[in-house]
Amino acid sequence: MLNLKKYKNFDWILLASAIAIFILGLLFLFSSTYPNNTDFVFRQIMWFLVGVLALLFIANVNYRKIVGIGHIFYFLTVVLLLSVFIFGSRRLGAQRWLVIGGFNIQPSEFGKLFVILSLVQYLASQKKYRNLKNIVVPLGMIAVPFILILRQPDLGTALMFVPVLIILLYVWGLPLRNLFFMVLCGALFSPFGWFLLKDYQKDRLLVFMDPGRDPLGAGYTVIQSRIAIGSGGFFGKGWLSGTQNQLNFLAERHTDFIFSVAGEEWGFLGGIILLGLYYILIKRAISIAEKTPDPCGKLLAVGLATMIGIQVVVNLSMTMGFMPVVGLPLPLVSYGGSSLLVTLMAVGLLESIAVHR
Amino acid sequence: MRIKSIQYSFITFFILLGFCLYYLQIVKGPLYRGLSYRNSIRLLNITGPRGIIYDTKKRGVALNELSFGVFIVPQEVEDFDAEINALSEILGVSESLLKRNYKRNYQAPFAPCELIRDISKRDAIIIEELKLDMQGVLVKEIPLRRYPYKEALAHVIGYIGEIDRRELFSLKSYGYRVKDFIGKAGIEKVADNFLRGKNGGMQIQVNNRGQQVKVLNVREPREGRDVYLTIDAQFQLFIWRMMRSEKGAAIFMDPRNGEILSLVSSPSYDPNISLADVLNAEDSPLLNRAIMGQYPPGSLFKLVVALAGLESGKILADQSFQCRGKLDIGSGEFNCWNLDGHGNMALRDAIIQSCNVYFYNTGILLGVEKICEYAKLLGFSKKTGIELFGETKGLVPSRVWKRIEKGEGWFTGDTANLSIGQGYLLATPLQVVRMIACVANGGMLVEPHVVKGVGETWISGHKNIRLKIKKENLDIIRDAMRGVVEDRHGTGRLAWNSYVTLSGKTGTSQVGGDLRPHAWFGGFAPSENPEISFVIFLEHGGSGGDIAALMVRKAMEYWFIHKK
């Protein structure tokens, strides 16, 4: 089964950039949970090792087989999300986690990947755009997990499906005027979405418009995060020396807001290095899409690149206060096993596409 | 190709993110750095102890006494209400008072917040023993300003109080801060800059809940400098006890150098307790009559007129005038206090018996301008320059002054009134005692002062002005003043005593209406070689030869028995 010849196409730079990002992230995590950090760091490393195993395994398997059972993954996603709804554990006011064998699993994270797989499966089965059905089916496919995730509530993850779908349709070859029409309809419909939002989500959007609105409540996280990043300056305050971080002014700083710790302690220099590494990762993913002749592989590679890239862009923008706060983790860096595992699985899929030309 | 365009949009996004980062960290970096610094650094003030005020014999007259205060450290409290309740029971004060103080004095979670001060030692021990049950409560020693001489020295020392908004505004640049204590009157106010300790501080790093994480920096506070007064506190106390049943002022001064030995104003107030009650009291206990009160000096001013007459050559010592109990001037009739008339008398007897008619004549001979000239020469109508706040100038009238203020010309009758220290003339007791000291010391106008030294430094360089007055003329006046006390007819003979030779002059200034006149007695002792000069002024105290003279006698007996 293990055919070494296959690995001449293995993208080592992709893997290296992922590992480099993870190691940097581990340093941020160490600092943001200091001094009671052994547990966090240990768990994160453990999930990383699991993730790397999954990565290597998936890289070995032909991605076409995996895409071929996309509908099963889709089915699994819906089942998991429904069971979160029924058995899920509540934390921080949201019901996002399933406890399986002592581990906290966040099905919506897996949903990101699995829904992409099923979308790719459907789109690859259709040679080209024929009628409206080709748009309606994918829309219906994301609608179910979208609503389930929105009700958790997890606005960020739910919203992520939208740009992913648009980009997939775009790469798949949907005529531009159909795409425009679709986006236009969505844009017209979106104000009604306001009524689907929970109060705290409305607060976040309002606070984004006017951060001074509630400086100790919803605005606090963003204001303190901005202060932390801004105060880092060019070189940062040094590892474990960020006052905003170490003195507890930052909320959620080991998960979604971990970049505020990075910005404070590592400064502009650290931020640019991190951005550069992410850029390399995404650039490699897209070149895998370009190099593979298989339309299915192209679709999947772009979908995965988009999944990672959008999370990076959205997470950094909201941490810096240039976007409303929606809960999206920073891939490979934020603390959380599900997100880390899913990202590494995505890298594995990318490697599989590279290997199985 | 569509895939390429995806890549380009990601490049665009990443470059945008880079710019955002640049904007936040480089462009706005200094701003956010300042904000993060302020987030986590707090300053805690530590007040330095105030300097002590000593009298001339190094008796403390304004001290820092240690008293016990109960404090609470907010971040260590477990059950606030229960602890307040317990404290209220031990101390016997209401919970609402403690809570009110807590709210008023709260600074930060880590800063001990004063709940109550000046508790008894017994209560302090009880709380100290129960401390384990009351998390965050602590008993601290706090310096409390004490004035052991209470009312007796209040007008000299003054008192301290929390800085008010106006003071803070004007003194901020000198390092005064909110909640600082500052001198409000007297020496406490004048020498506040020396007395106040140099504040220290602690720089503390706090976390998001404002709790202390660690101490970054400590600057120890420094003690204020001590102030030494020229006052003899025991003597002052004696004078105060004598004066407190009257309204008025008494000043005792060393005529050789202007050192004030005692300065009493009555009524007075106790600076140890709240001043709320005395602020609006009708007999104005806060008014320092010795330096702020302006009164007609009455017959004491005859000394000035006599000196002016002799110096200007208008009269000689043997010049005599006939007193028939009154003198017709213009259309008016001016009385002598002795309506039977003193008969024919020369200057010495005129002073001894305080004959008004003699001085009407002398004054008219001199004219208002000459009288004013000598009054001003002897320090009237200008401040003496004593260190205490609020000194007033008094008033020496003149033709121009009357034209402007009263809208009429100067009459000879005005000159007559001025000649016996009545009419428009006003002087502070301090100005009067300085004039007397000038006579006593042979013509030197001293600068009265109460501060002898600050810290290690003795104050020198007081402006003592030697006046161009002939010694023989002063001798004539002094001889007459001795007669006032020693002569059989002297108006001040009640002041005579067997301990020390005494010279003086009585005064009884009319105040109009049915009110009793003000009583004055000014003088010096010993007559041959004066080392103390004085004035006693009693508001509506009747004749200067009565109570005032008896007080002088008692004071002189005390001084010359007790001085070492």
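All chains are named by letter (A, B, ...) in the order of the sequence lines, taking the proteins before the strands, and each is independently numbered beginning at 1.
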Check: For A:Phe259, is it the side chain, the backbone, both or neither that has a heavy atom under 4.5 Å from a heavy atom of chain B?
Finding: side chain
Next item on the list: Give a yes or no on whether the ring-centroid distance for B:Tyr23 and B:Phe19 is below 6.0 angstrom.
Entry: no
Note to self: Using heavy-atom distances under 4.5 Å, tell me whether A:Leu299 contacts chain B through its side chain, its backbone, both, or neither.
What the structure shows: neither
Notebook entry, point to check: Regarding A:Arg226 and the six-membered ring of A:Phe322, is the cationic atom NZ or CZ under 6.0 Å from the ring centre and inside 45° of its axis?
Noted result: yes
Check: Measuring heavy-atom distances to chain B, does A:Val313 have an atom under 4.5 Å in its side chain, in its backbone, in both, or in neither?
Finding: both
Note to self: Any side-chain to backbone donor/acceptor pair from B:Glu83 onto B:Val137? Under 3.5 Å, distance only.
What the structure shows: no
Item checked: Close approach to chain B in residues 279-291 of chain A, criterion heavy atom under 4.5 Å -> A:Tyr279, A:Ile282, A:Lys283, A:Ile286, A:Ala289, A:Glu290
Note to self: Can you tell me which of B:Gln7, B:Lys28, B:Arg2 forms the most heavy-atom pairs within a distance under 4.5 Å of chain A?
What the structure shows: B:Arg2
Next item on the list: For residues 296-312 of chain A, pull every pair meeting side chain to side chain donor-acceptor pair (under 3.5 Å), keeping only residues two or more places apart or in separate chains.
Entry: A:Lys112-A:Gln311
Checklist line | Which portion of B:Leu31 sits near chain A, non-hydrogen atoms under 4.5 angstrom | finding: neither
Margin query: Parallel, tilted or perpendicular, judged at 30° and 60°: which one describes the rings of A:Phe268 and A:Phe234?
Written below: tilted
Item checked: OH/B:Tyr22: more than 12 non-hydrogen atoms of other groups inside 6.0 Å -> no
Next item on the list: Please check if atom CZ in A:Phe181 has more than 12 non-hydrogen atoms from other residues, nucleotides or ligands closer than 6.0 Å.
Entry: no
Item checked: B:Phe13 portion near chain A, given a 4.5 angstrom heavy-atom threshold -> side chain
Notebook entry, point to check: So which of A:Gly267, A:Ser317, A:Ala301, A:Gly271 has the largest heavy-atom pair count under 4.5 angstrom toward chain B?
Noted result: A:Gly267
Item checked: Nearest non-hydrogen partners of A:Val120 and A:Val67, listed with the distance -> CG1-CG1, 4.1 Å
Notebook entry, point to check: Is the NZ or CZ atom of B:Arg50 both under 6.0 Å from the centre of the six-membered ring of B:Phe194 and within 45° of that ring's axis?
Noted result: no
Notebook entry, point to check: Of the listed residues (A:Gly173, A:Ala305, A:Ala228), which shares the most heavy-atom pairs with chain B below a 4.5 Å separation?
Noted result: A:Gly173
Next item on the list: Take A:Glu265 and A:Lys237, measure what salt bridge (Lys or Arg N to Asp or Glu O under 4.0 Å) needs, and give me the verdict at the end.
Entry: CA-CA 5 Å; A:Glu265 298 189 347; A:Lys237 293 178 186 169; over 6 Å; no
Next item on the list: Let me know if B:Leu17 has heavy atoms under 4.5 Å from chain A in its side chain, its backbone, both or neither.
Entry: both
